[in-house]
*Asks:* 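Attaching a single structure in structure tokens format; questions to follow.
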Amino acid sequence: MSQQVRGVVALKKGEPVSVETIIVPDPGPGEAVVQVQACGVCHTDLHYREGGINDEFPFLLGHEAAGIVESVGEGVTDVAPGDFVILNWRAVDGTCRACRRGEPWYCFSTHNAAQKMTLESGQELSPALGIGAFVEKTLVHSGQCTKVNPAVKPEVAGLLGCGVMAGIGAAINTGGVGRGDSIAVIGCGGVGDAAIAGARLAGAATIIAIDVDDRKLAWAKEFGATHTINSREQDIVEGVQALTDGNGANVVVEAVGRPETFKAAFYARDLAGTVVLVGVPTPDMTVELPLADVFGRGGATKSSWYGDCLPSRDFPMLVDLHLQGRLPLEKFVTETIALDGVEAAFAKMHSGEVLRSVVLL
């Protein structure tokens with residue numbers, strides 16, 4: 001039988017979110033119902049509310065979540081009721097062309113639940129990133145459930161479901177940061193600070209944090225930044241070169257998603273270095289670069305999709321590193337809130353007051 005639960009919904013473009021009654025059906029084949037314990041407030045949820053993703057309103061927001069599997073549908077063998085899981089939005093199918101060539105982290109045919117959750121009126125909801133987790137219970141594809149060590153606190157585990165994984169993966173998986181390398185990270189919000197934490201894990205020697213906000217630069221130091229640059233006061237390229245013997249960084253992660261910061265990242269890297277774009281631009285943004293510079297500087301310019309992560313590989317490993325005291329996930333949690341605090345959390349996020357607000361259920 002279906003269940004009635006409370007969840008946060010964006011009913012119309014640009015309007016404040018509201019807490020509504022959500023109808024969650026029993027899981028069908030390949031599906032699971034998860035009792036959500038915690039869900040981070042991510043910029044992507046705000047983009048959905050503002051119509052920046054698509055116009056398929058109403059949206060059931062929330063996607064950066066952890067919880068307990070309550071029930072599973074026919075044919076589900078990878079998780080079982082009682083399992084503690086992190087939700088992911090890359091449930092790989094194993095058969096697409098990316099999976100067949102041994103690169104499942106690029107899977108082009110990921111799974112979502114076939115059934116829809118609805119409002120009491122019967123109106124179907126569009127779950128954010130195929131998850132919808134600002135809700136007491138949610139329906140997902142079983143492949144979106146990644147089992148991890150239940151010793152980890154839900155409020156920190158859930159962050160690996162999106163922003164923290166995106167940043168760590170941008171540095172390690174996409175950027176290939178290694179021992180002794182130099183890295184510069186432009187934009188020190190949750191994703192940028194996660195890239196800094198990832199670079200520290202990987203053994204980078206020089207980790208340069210770049211932002212316009214001194215408060216964020218102070219946070220970046222807590223995650224492992226060895227140097228900081230306030231780009232309101234100092235040119236990014238000149239600042240990075242000054243800290244890398246005039247050469248530029250081996251890897252530059254752009255975690256803002258703007259043309260001017262992307263160009264700065266391009267020129268702030270060393271010859272044959274790597275630029276990683278993990279900040280999400282808007283569709284109208286363009287960038288122009290001299291083709292001679294693209295050729296002459298060599299190296300690579302990459303986009304990082306979800307930190308190029310494979311949830312089944314990366315989530316358990318990162319949880320274990322956290323439990324060993326090597327990855328301070330707890331430092332990302334600025335505050336914990338209730339379901340009715342999401343709208344206020346959006347405002348705090350927009351003004352830069354928090355790294356992450358996390359809904360506890």
Side-chain angles (χ1 to χ4, degrees), residues 43 46-47 163-164 166-168 170-171 174-175 177 181-200 204-271 273-282 284-290 293-294 297 299-304 307 331-332 334 348-356:
H43 273 93
L46 182 57
H47 290 327
V164 171
I168 292 175
T174 314
V177 174
D181 281 348
S182 59
I183 180 174
V185 178
I186 304 175
C188 297
V191 173
D193 281 347
I196 288 168
R200 184 182 186 181
T206 302
I207 304 173
I208 305 166
I210 303 164
D211 205 285
V212 297
D213 187 336
D214 284 331
R215 174 177 48 188
K216 290 186 176 182
L217 293 174
W219 288 341
K221 286 184 177 180
E222 295 184 20
F223 290 100
T226 59
H227 304 81
T228 63
I229 295 171
N230 187 318
S231 54
R232 290 191 188 277
E233 302 168 358
Q234 185 177 15
D235 179 78
I236 292 175
V237 177
E238 291 177 358
V240 172
Q241 289 176 340
L243 294 168
T244 54
D245 298 322
N247 299 319
N250 300 124
V251 178
V252 182
V253 173
E254 201 279 87
V256 180
R258 294 194 58 82
E260 59 270 28
T261 44
F262 179 82
K263 288 187 73 172
F266 180 85
Y267 287 107
R269 63 177 175 145
D270 196 359
L271 294 176
T274 300
V275 175
V276 177
L277 176 64
V278 66
V280 182
T282 58
D284 59 307
M285 291 179 179
T286 61
V287 66
E288 184 174 331
L289 291 167
D293 287 354
V294 175
R297 298 187 67 81
T301 300
K302 300 181 176 182
S303 299
S304 186
K331 292 183 179 180
F332 288 96
T334 308
K348 292 177 183 177
M349 178 178 62
H350 188 69
S351 64
E353 295 178 44
V354 296
L355 274 179
R356 269 298 185 270

*Asks:* Under the rule for side chain to side chain contact (heavy atoms under 4.5 Å, CB included), what residues qualify as partners of Val280, not counting sequence neighbours?
*Replies:* none
*Asks:* May I ask you to establish whether Arg269 and Tyr267 are in a cation-pi arrangement, using a distance under 6.0 Å from NZ or CZ to the six-membered ring centre and at most 45° from the ring axis?
*Replies:*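 Arg269 over Tyr267 ring: no.
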*Asks:* Do the side chain of Thr274 and the main chain of Gly175 share a donor and acceptor less than 3.5 angstrom apart?
*Replies:*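 No.
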*Asks:* Which heavy atom of Val191 sits nearest a heavy atom of Ala255, and at what distance?
*Replies:*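 Heavy atoms only, the tightest pair is CG1-CB, 4.4 Å.
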*Asks:* What are the two closest heavy atoms between Asn250 and Asp181, and how far apart are they?
*Replies:* OD1-CA, 3.4 Å
*Asks:* Closest approach of Val185 and Gly192, non-hydrogen atoms and distance?
*Replies:* CG1-O, 3.5 Å
*Asks:* Which residue pairs pass the salt bridge (charged side-chain N to carboxylate O under 4.0 Å, His left out) test when at least one of the two sits in residues 241-255, sequence neighbours left out?
*Replies:* none
*Asks:* Check Pro259 against Met285 and note the closest heavy-atom contact, atom names and distance.
*Replies:*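 Looking at all heavy atoms of both residues, the shortest contact is CD-SD, 3.7 Å.
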*Asks:* Side chains of Val275 and Lys302: closer than 4.5 Å at any heavy-atom pair?
*Replies:*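 Answer no - side chains too far apart.
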*Asks:* Applying side chain to side chain donor-acceptor pair (under 3.5 Å) to Thr206 and Ser182, what does each step give before you reach the verdict?
*Replies:* CA-CA 4 Å; Thr206 302; Ser182 59; 5.8 Å; no
*Asks:* Sequence neighbours left out, what passes side chain to side chain contact (heavy atoms under 4.5 Å, CB included) with Ala171? Give chain and number order.
*Replies:* Val177, Ile183, Ala195
*Asks:* Of the non-hydrogen atoms in Ala220 and Cys188, which two are nearest, and what is the gap between them?
*Replies:*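 For Ala220 versus Cys188, the nearest heavy atoms are CB-SG, 4.1 Å.
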*Asks:* Would you say the side-chain atoms of Thr174 pair up with the backbone N or O of Ser304, donor to acceptor, closer than 3.5 Å?
*Replies:*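 Judged by distance alone, no pair lies under 3.5 Å.
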*Asks:* Sequence neighbours left out, what passes side chain to side chain contact (heavy atoms under 4.5 Å, CB included) with Ala184? Give chain and number order.
*Replies:* Ile208, Ile210, Val240, Ala249, Val252
*Asks:* Side chain to side chain contact (heavy atoms under 4.5 Å, CB included) with Ala205: which residues, sequence neighbours excluded?
*Replies:* none
*Asks:* Tell me, which pairs form a salt bridge (charged side-chain N to carboxylate O under 4.0 Å, His left out) where one or both residues lie in residues 215-241, sequence neighbours left out?
*Replies:*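 Residue pairs with at least one partner in residues 215-241: Asp213-Arg215.
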*Asks:* Please check this pair: side chain of Asn247 against backbone of Thr244, looking for a donor-acceptor N/O pair closer than 3.5 Å.
*Replies:* yes
*Asks:* I want to check something: taking the side chain as every heavy atom from C-beta on, are Val164 and Asp193 in contact at a cut-off of under 4.5 Å?
*Replies:*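 No. Closest side-chain heavy atoms not under 4.5 Å.
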*Asks:* How about Phe262 and Thr301: do any of their side-chain heavy atoms sit closer than 4.5 Å?
*Replies:* yes
*Asks:* With sequence neighbours excluded, tell me which residues meet side chain to side chain donor-acceptor pair (under 3.5 Å) with Arg356.
*Replies:* Glu64
*Asks:* Quick test of your reading: applying ring pair (Phe, Tyr, Trp, His ring centres under 6.0 Å), list the pairs with at least one residue in residues 223-255, sequence neighbours left out, ordered by first then second residue.
*Replies:* Phe223-Phe332
*Asks:* Side chain to side chain donor-acceptor pair (under 3.5 Å) with Asn230: which residues, sequence neighbours excluded?
*Replies:* Asp214
*Asks:* So which atom in Ile196 and which in Ile207 form the shortest heavy-atom distance, rounded to 0.1 Å?
*Replies:* CG2-CG2, 3.8 Å
*Asks:* Got more than 12 heavy atoms from elsewhere within 6.0 Å of CZ, Arg297?
*Replies:* yes
*Asks:* Among all residues two or more places apart in sequence or in another chain, which pass the side chain to side chain donor-acceptor pair (under 3.5 Å) test with Glu260?
*Replies:* Arg258
*Asks:* Taking only residues two or more places apart in sequence, or in another chain, which ones meet Asp211 in a side chain to side chain donor-acceptor pair (under 3.5 Å)?
*Replies:* none
